[in-house]
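All of these numbers come straight from a predicted model, not from anything done at the bench. Heavy atoms only: backbone and side chains are in, while hydrogens, waters and symmetry mates are out. By convention here, the first residue in the shown sequence is residue 1.
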Amino acid sequence: MARSDMCKCVITMRCAAEVILAHPTASLREVAQIAGISSATVSDVRKRLQLGQEPGAVHRNGPRPAPRVVEDPAVLLNRLLRDPALRQKEAGRQLLRLLQQNAIAEQEWHHLSSAVPAHSGEMVVHPARKYAETWTGFAQALDERIAGTSRLSG
């Protein structure tokens, strides 16, 4: 979005906010007609106002991204297991196997930790922490790649 377009967008969203504040019982269509914008944009502005956010707030790199919805990892894993883009490549299949191997419930982790004898505890802790750091680094790199891709396409 060009800078001038973004400025126009912010101005129209602020205009919609003023109309909403002046006419709190007005319908989305009424506000949209007065402000000269779509009902969907009015809905977005109304939600932002209800959350106490600035109606035309933008990040330096564009509009604020939608908050991430955190889903149950088991549900996400099942969806990934059906993704042909992952299943058709060896690296994708390897990733799916690693995710499956780590997909155990919290109670199972507790059960596993209680099975470790005291004399082996330190030997288990070190690789467990190292693998956790590796997974965290993997997730951060993937987050950065996704953020870069969304900035380019947005």
Legend entry - CZ/R93: more than 12 non-hydrogen atoms of other groups inside 6.0 Å: yes
Legend entry - Over 12 non-hydrogen atoms of neighbours within 6.0 angstrom of CD in Q100: yes
Inset, instruction - Indicate yes or no: at least one non-hydrogen side-chain atom of W135 is less than 4.5 angstrom from one of L98. - result: yes
Legend entry - Sub-4.5 Å side-chain heavy-atom contact between F138 and D143: no
Would you give the length of the straight line joining atom [atom1] of [X] to atom [atom2] of [Y], rounded to the nearest 0.5 angstrom?
| X | Y | atom1 | atom2 | value |
| --- | --- | --- | --- | --- |
| L99 | L76 | CG | CG | 10.0 Å |
| D44 | L28 | CG | CG | 11.0 Å |
| L77 | R82 | CG | CZ | 10.0 Å |
| I20 | T25 | CD1 | OG1 | 11.5 Å |
| Q140 | R145 | CD | CZ | 15.0 Å |

Inset, instruction - Identify whether the distance between the nearest side-chain nitrogen and carboxylate oxygen of R97 and E90 falls below 4.0 Å. - result: yes
Legend entry - Salt-bridge contact R87-D83 (side-chain N to carboxylate O under 4.0 Å): no
Legend entry - Sidechain-backbone polar pair: Q33 side chain, E30 backbone, donor-acceptor under 3.5 Å: no
Legend entry - Check: T41 side chain, I37 main-chain N or O, donor-acceptor pair, under 3.5 Å: no
Inset, instruction - Identify whether I104 and V124 are in the same connected component of the hydrophobic contact network (ILVMFWY, side-chain heavy atoms under 4.5 Å). - result: no
